[in-house]
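Report on one structure; see the data block that follows.
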Number of protein chains: 2
Amino acid sequence: MPSEQSTATAAPPRPVRRSRAPRGSLSSDLILDHALRLLDEKGLDAFSMRALAEDLGVGTMALYTYFRGKDELFRAARDRVLAAYTPPSAEGSWDQRLRAACIAVHELFTGRPAVLRLLAESTGNDDFIDTATAAMDRMLALLREGGLGREDAARAYGTLSRFTIGSALREVRVCARPEALEAFRARIAALPPERFPHLSDLAPELLLATENGGDQYEYGLDLILCGIRALAQQPASAATGS
Amino acid sequence: MPSEQSTATAAPPRPVRRSRAPRGSLSSDLILDHALRLLDEKGLDAFSMRALAEDLGVGTMALYTYFRGKDELFRAARDRVLAAYTPPSAEGSWDQRLRAACIAVHELFTGRPAVLRLLAESTGNDDFIDTATAAMDRMLALLREGGLGREDAARAYGTLSRFTIGSALREVRVCARPEALEAFRARIAALPPERFPHLSDLAPELLLATENGGDQYEYGLDLILCGIRALAQQPASAATGS
DNA sequence: ACCACTAACGTACAGCGTACGGTAGTGCGT
DNA sequence: ACGCACTACCGTACGCTGTACGTTAGTGGT
């Protein structure tokens, strides 16, 4: 101990001195709740361990009792979101059910913008939660039910997966942001029509398509499903016949 | 000057004292060259203004003479990559040319993994370079040439764009990483077949599809083009007829 | 009553982007 | 030839980040 503190020795920078939080005031679930709320409200960039701890009314290092670090916390948050996925009711033909399943995944993604970025940036080195694996298995089942061969089913799944995440990313980053929409509108209106004739000509349609991203996803999904149905009706690859 | 340095006063932490670089040793182009090299070699996470400056043999703050900050430097790097895009030769039918154009964009993206992440995370608030705008205009032209209506052309372009970036992201993050591939293989082999029967059954095909991502892109692209061709042959939306 | 255990915490360190001010080399007007 | 304005390069410093390490205080077991 350095020395006794005299009455008015100008406390260094006034760190506010929170009183120590009581023993049971933290848990993995509580931390994840606040983390997901913070991520949804302030975004991934504004998130920090310090901000999360302050939001919880707790010292920063208390978080490390429950998670090894930021990465593990993020993985847990991602899994929590994926676990909330509930497959749509199984009605209709195989392609109708496949369509519904894809849309459900897409809505799950776009509903949690910050977590979507975590998903997009994941290297795929770590396990997914059972819910996600089950969803994958179900989609493969539907593709097989539609009559696709083993290889076609695997590749068609890959196509749907790639399109879904790309689409969700796009919507989260631009379609859902009024500022980005306005910037897009201004940019497209300022283009010289003589140099970019088709862009200028289709400006209203492009703008409209950008404004409501969900419709755009379903539109593209139907294009892909059209190709998949063509596969289903023929033994060999029908899509490549250009 | 504070005071004369005595013989062995234990220089603080030894900052190496680089000698000042001569006057003409920097330029925007040179900085971008090194930045792109660093990004490609070490990845986006390992990149920092300090590391870039050291790579250039220059003080950190010298970079701020040419770029307002890290964001502006990244945008310039992105534009430099996009400017390198050369459209493929215009031969064949409209859909063959569209296919070739998409593949060229996809190869451009997967060739610069770090820059792709910059692209994926961009909010779309800022201008694109003329090269990119021209590529967009050309694709719209091809879609129109194929007979698509104004709205269908705009939406089909959106579909291709979403699939292309989602696909490139996937390939860069997992297909091109031996470690990620190995993790995927191990994960899929460890799944209980009774709970995920289709996943287990299609394991070899899924693995094969993951290994060569470029083929996967072309496969999905052909599925989408199949849907687009169906649109081209009918006035109303043909894809939604499920 | 005491102890072992551990949840919550404070401090510290290395690294980040960059605002601000300083310094030295250059080109121009005289 | 001289001086001066200009600016490319740079050092320092500030506030931020994630987290390693050691400390403290509350709790269940004996």
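Each chain gets a letter, A, B and so on, in the order its sequence line appears, and its residues count up from 1.
- Taking atom CE of A/Met49 as the reference point, atom C1' of D/dA20 lies 13 Å away to the nearest angstrom.
- Residue A/Ser25 is classed as a sugar-phosphate contact, given heavy-atom separations below 4.0 Å to backbone atoms only.
- As a whole-Å value, the separation of A/Leu63 CG from D/dT17 C1' is 14 Å.
- Contacts of A/Tyr64 with the nucleic acid, taken as non-hydrogen atoms under 4.0 Å apart, include base atoms.
- Scanning for salt bridge (charged side-chain N to carboxylate O under 4.0 Å, His left out) contacts around A/Arg138 gives an empty result, with sequence neighbours left out.
- Backbone-only contact: A/Ser48 has heavy atoms under 4.0 Å from sugar-phosphate atoms and none from a base.
- In this structure, the side chains of A/Arg170 and B/Ser161 come closer than 4.5 Å at one or more pairs of heavy atoms.
- For A/Arg50 and D/dT19, a side-chain-to-base donor-acceptor distance below 3.5 Å is present, hydrogens and geometry of angles not being considered.
- Taking atom CZ on B/Arg20 and atom C1' on C/dA24, their separation rounds to 5 Å, with Å as the unit.
- The nearest whole Å value for the distance from the CZ atom in A/Arg23 to the P atom in D/dG28 is 9 Å.
- Whole-Å rounding puts the A/Glu54 CD to C/dG10 C1' distance at 16 Å.
- A salt bridge does not link A/Arg173 with B/Glu121: every distance from a Lys NZ or Arg NE/NH1/NH2 to an Asp or Glu carboxylate oxygen is 4.0 Å or more.
- Rounded to a whole Å, the CZ atom of A/Phe74 is 10 Å from the P atom of D/dT19.
- Toward the 5′ end of DNA chain C lies the nearest nucleotide of A/Val58, the other residue of the pair A/Val58 and B/Asp71 mapping further downstream.
- One atom, CG of B/Leu38, and another, C1' of C/dC16, lie 16 Å apart when rounded to the nearest Å.
- Residue A/Ile31 contributes atom CD1, which lies 11 Å from atom C1' of C/dA7 at whole-angstrom precision.
- Considering only heavy atoms from C-beta on, B/Arg162 comes within 4.5 Å of A/Gln216 through its side chain.
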